[in-house]
Number of protein chains: 2
Amino acid sequence: MARQRSTIRDVARRAGVSVTTVSHTFSGNGVVNPATQARVRAAASELGYHPDVVASGLRKSRLGVIGLVLRPAVGERPQDLSDVDYFPRFAGAAALTSLEHGYALMLVADPTVSGAPVTAYACDGIVVTDPVADDVLVARLRSSHTPYTLVGADVNDPDDPHVIDIATPAITDRVLDHLTDAGATRLALVNGVDPIEWNAATEQRYRERMREAGREEIVLYAPETEGRAAGVRAADELLALPQRPDGVYCLTSEHARGLVEGLVARGVRVPDDIRVVCGSDADSLRTATPSISSVDLQPEALGRQAAAAVLRQLEPDLDLRVPEPDHGRIILRESTAPASREDRPRQD
Amino acid sequence: MARQRSTIRDVARRAGVSVTTVSHTFSGNGVVNPATQARVRAAASELGYHPDVVASGLRKSRLGVIGLVLRPAVGERPQDLSDVDYFPRFAGAAALTSLEHGYALMLVADPTVSGAPVTAYACDGIVVTDPVADDVLVARLRSSHTPYTLVGADVNDPDDPHVIDIATPAITDRVLDHLTDAGATRLALVNGVDPIEWNAATEQRYRERMREAGREEIVLYAPETEGRAAGVRAADELLALPQRPDGVYCLTSEHARGLVEGLVARGVRVPDDIRVVCGSDADSLRTATPSISSVDLQPEALGRQAAAAVLRQLEPDLDLRVPEPDHGRIILRESTAPASREDRPRQD
DNA sequence: CTGAAAGCGCTTACAG
DNA sequence: CTGAAAGCGCTTACAG
């Protein structure tokens, strides 16, 4: 901000007091005679003065800002983030909770990416979504004693207490049950490759379930960075299997779109031949043909939980109540519903 | 952030140079012998040093942060903001555009609200969505020469060049045409009361259109702060009119929900007796019974536009390309569609 | 109750 | 190419 603003010294001069008195008047620290306070406030408002949070932040080591870092490596390729889906909702909800309690929320670049601005380290506390295995950023936050909260655990450090539970096993159960209810008997998993809890814990639970049921474990991998094309490839791989699955749980929305696109292009009927559920809802799933059932990850509830968890560390006395997510709520669309139904909202 | 971090002085000491040299090494200002630079960088990485953006921001009057202020008066009652709709998508998209160009995006409280933290004034530039009439904040931003961009104009200052066009008249035309296409012949408007372009310009265009067509102008008002209850009241008012309208354009989503709820509770069939379009899409409209048609305001495109507009002022050389919104795209749902269709996604 | 002074970590003329 | 020093706007012991 243009700093031709007046400073605490201008106010002091105008009110005929010291800067200490001005500082005390606005901060509420120290004791200032009410009459003096009135003079100070009058001078301040004549000058249009307001305290500089940067200067005060430098002095107090407290900026009034919670940082939100999107991993993995979003700083490097933010364009990969889908605009309309998980992240904006998460961030917006976290911001609201922060603002309600006097903090700003800052969306910052991943500071471990070289060349990225290190704005993250200016924050009073940090939310990381989602941490990767052996996360360098988390290690730094810990060693610098920065309050932090992780959304989903570091898979190699499952006992970190500063984690918002994303309930991956429970979600996996609900999805597999849903596929089974929709008539699938042979279930495959299309997983991402980022080393995050979501991917790892989903696969683990999927394998457990298949083992318990005495079914074959069919897991394919698609890199998150390759988007829809990797989903199309997964479709080919599935169709090349000696025994085709008739139900697929595909975690990432772009993969799911490519997958369904690929299946349909090869003459497979969705859902009649193969049922598909995507692990993360997105607008593009709603408007796909056929539309694709998905898990509502409830980014709003998670965003509020995450902000609240950091705020509790910053201000232990705060009375923070935020909604609990209903983990694994499934949004039913054509890809797991009888084909006769019309589910997609039509567009103008 | 906990500031037991090492400082530029520690690095200087360890590398056996002055702080000037360390500063120059990291900032790229001045000229530093490559061998010296190497020593400095080695010392820095041994100490885990990284520059403090707050200190540097204080010194340079540049923090690398774009602020986003939500008006009217969201700081006072952030809980009124609907979580899942316009704002998070707008903010998320603006953040991505900012991060892509080295800036953080900070969601800040309205600094004109007394008692609110004035973090906004720490930002290098500000996005305001949406400005109110004679906006005090805008006046301050202007007088302090802070780069800013408004999403929608201040209705009393339509010629401000720093405005992202939200195309309210064009949107209004599309909605009224849509209602007419759906069979409505007598159109009413349920407007909010906040003094923002969206409300004012919609009403103005609606009245023009009714006048041109020789139709009665039927405008009801519902306060944004009163949410769904105000929508229910609007339903009663509409039904009490000597001649009922058969098409309603209701701007705010909570009002639209209350309106439809009220109409249905009183035995009115929607859309058969009265067609309803909401001016701002929201998740709650999709899941309402009947589901409610709405305008997709394209918050992602607007968010990117707004961030880009501020970035262009901050860094004139940046090559910024962001998508243009398709203003007034209508999402067709049951409230303006033949009742026989099934449009709502079913839930698990 | 009020004020003089040091210092938060950095940047930037300026002198060498 | 390198360094000593002033200062960004504030806060906070400390003395009076």
Side-chain angles (χ1 to χ4, degrees), chain A residues 1-41 43-44 47-65 117-119 121-124 144, chain B residues 1-41 43-44 47-65 117-119 121-124 144:
Chain A
M1 183 127 184
R3 298 204 187 282
Q4 40 256 55
R5 306 184 341 215
S6 46
T7 75
I8 201 172
R9 300 188 49 153
D10 302 321
V11 177
R13 201 157 22 223
R14 182 161 193 129
V17 299
S18 73
V19 297
T20 306
T21 302
V22 178
S23 176
H24 283 166
T25 300
F26 285 106
S27 69
N29 300 335
V31 193
V32 183
N33 184 312
T36 316
Q37 279 208 32
R39 277 215 324 286
V40 169
R41 291 189 189 283
L47 294 170
Y49 168 81
H50 46 82
D52 181 324
V53 294
V54 178
S56 141
L58 173 60
R59 199 48 246 240
K60 296 196 297 186
S61 297
R62 184 207 170 274
L63 206 49
V65 173
V118 291
T119 321
Y121 295 119
C123 301
D124 303 320
S144 67
Chain B
M1 182 128 185
R3 297 202 187 285
Q4 39 256 55
R5 305 184 340 215
S6 48
T7 76
I8 200 172
R9 300 188 50 154
D10 302 321
V11 177
R13 202 156 20 223
R14 182 163 192 127
V17 299
S18 74
V19 296
T20 307
T21 301
V22 178
S23 176
H24 284 166
T25 299
F26 284 108
S27 69
N29 300 335
V31 193
V32 182
N33 185 312
T36 315
Q37 279 207 33
R39 276 216 325 284
V40 170
R41 290 190 190 284
L47 293 170
Y49 168 82
H50 46 80
D52 182 324
V53 294
V54 178
S56 142
L58 173 60
R59 198 50 245 239
K60 295 196 297 186
S61 297
R62 185 207 168 276
L63 206 50
V65 173
V118 291
T119 322
Y121 295 118
C123 301
D124 303 319
S144 67

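All of these numbers come straight from a predicted model, not from anything done at the bench. Sequence lines set the chain letters: A, B, ... in the order given, protein chains first and strands last, and positions in each chain run from 1.
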**Message:** Given 3.5 Å as the limit, does a donor-acceptor pair link the side chain of A:Ser23 with the main chain of A:Val19, or not?
**Reply:**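 Checking the backbone N and O of A:Val19 against the side chain of A:Ser23, no donor-acceptor pair under 3.5 Å is found.
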
Rounded to whole Å, how long is the line connecting atom [atom1] of [X] with atom [atom2] of [N]?
{"X": "A:Arg13", "N": "C:dG3", "atom1": "CZ", "atom2": "C1'", "value": "15 Å"}
{"X": "A:Arg62", "N": "C:dG9", "atom1": "CZ", "atom2": "C1'", "value": "19 Å"}
{"X": "B:Tyr121", "N": "D:dC10", "atom1": "OH", "atom2": "C1'", "value": "18 Å"}
{"X": "B:Arg5", "N": "C:dC8", "atom1": "CZ", "atom2": "P", "value": "14 Å"}
{"X": "A:Gln37", "N": "C:dG3", "atom1": "CD", "atom2": "P", "value": "13 Å"}
{"X": "B:Arg9", "N": "C:dC10", "atom1": "CZ", "atom2": "C1'", "value": "12 Å"}
{"X": "A:Asp10", "N": "D:dC8", "atom1": "CG", "atom2": "P", "value": "11 Å"}

**Prompt:** Taking all non-hydrogen atoms of both residues, which atom of A:Arg14 and which atom of A:Ala43 are closest, and how far apart?
**Reply:**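 Scanning both residues completely, I find the closest heavy atoms to be CG-CB, 3.8 Å.
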
Quick one: pull up [atom1] in [X] and [atom2] in [Y] and give me the separation to the nearest 0.5 Å.
{"X": "B:Arg59", "Y": "B:Asp52", "atom1": "CZ", "atom2": "CG", "result": "14.5 Å"}
{"X": "A:Thr119", "Y": "B:Leu63", "atom1": "OG1", "atom2": "CG", "result": "7.0 Å"}
{"X": "A:Leu47", "Y": "A:Ile8", "atom1": "CG", "atom2": "CD1", "result": "12.5 Å"}
{"X": "A:Thr20", "Y": "A:Asn29", "atom1": "OG1", "atom2": "CG", "result": "11.5 Å"}

**Fill in**
A correct 5'-to-3' footprint of nucleotides 11-16 of chain D, with B, S and - meaning base, sugar-phosphate only and no protein heavy atom under 4.0 Å, is BBB---

**Message:** Looking only at the side chain of B:Thr21 (C-beta and beyond, no hydrogens), which of the listed nucleotides C:dG9, D:dT2, C:dT2 gets closest?
**Reply:**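 Among C:dG9, D:dT2, C:dT2, the one nearest the side chain of B:Thr21 is D:dT2.
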
**Asked** C:dG9, D:dT2, D:dC10: which one has an atom nearest the side-chain heavy atoms of A:Leu58?
**Response**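 Of all the options, the side chain of A:Leu58 is nearest to C:dG9.
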
**Prompt:** Is B:Arg41 close enough and on-axis enough to B:Phe26, meaning under 6.0 Å and within 45°, for cation-pi?
**Reply:**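 Checked: cation-pi criterion met.
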
**Sub-4.5 Å side-chain heavy-atom contact between A:Val54 and B:Tyr121** =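 Answer no - side chains too far apart.
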
**Asked** Does some side-chain heavy atom of B:Gln37 sit less than 4.5 Å from a side-chain heavy atom of B:Val40?
**Response**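 In short, these two side chains do not touch, never coming nearer than 4.5 Å.
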
**Prompt:** In dot-bracket, 5' to 3', how would DNA chain D read with Watson-Crick or G-U wobble pairs under 3.5 Å, [ ] for crossing ones and | for pairs to another strand?
**Reply:** |||.||||||||.|||

**Item:** Phosphate contact (C:dA4 OP1 or OP2) by A:Ser18 side-chain N/O below 4.0 Å
**Value:**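 No, because none of the side-chain N or O atoms of A:Ser18 sits under 4.0 Å from OP1 or OP2 of C:dA4.
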
**Message:** By the 4.0 Å heavy-atom rule, please label A:Val32 as base, sugar-phosphate, or nothing.
**Reply:**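 It contacts sugar-phosphate atoms only.
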
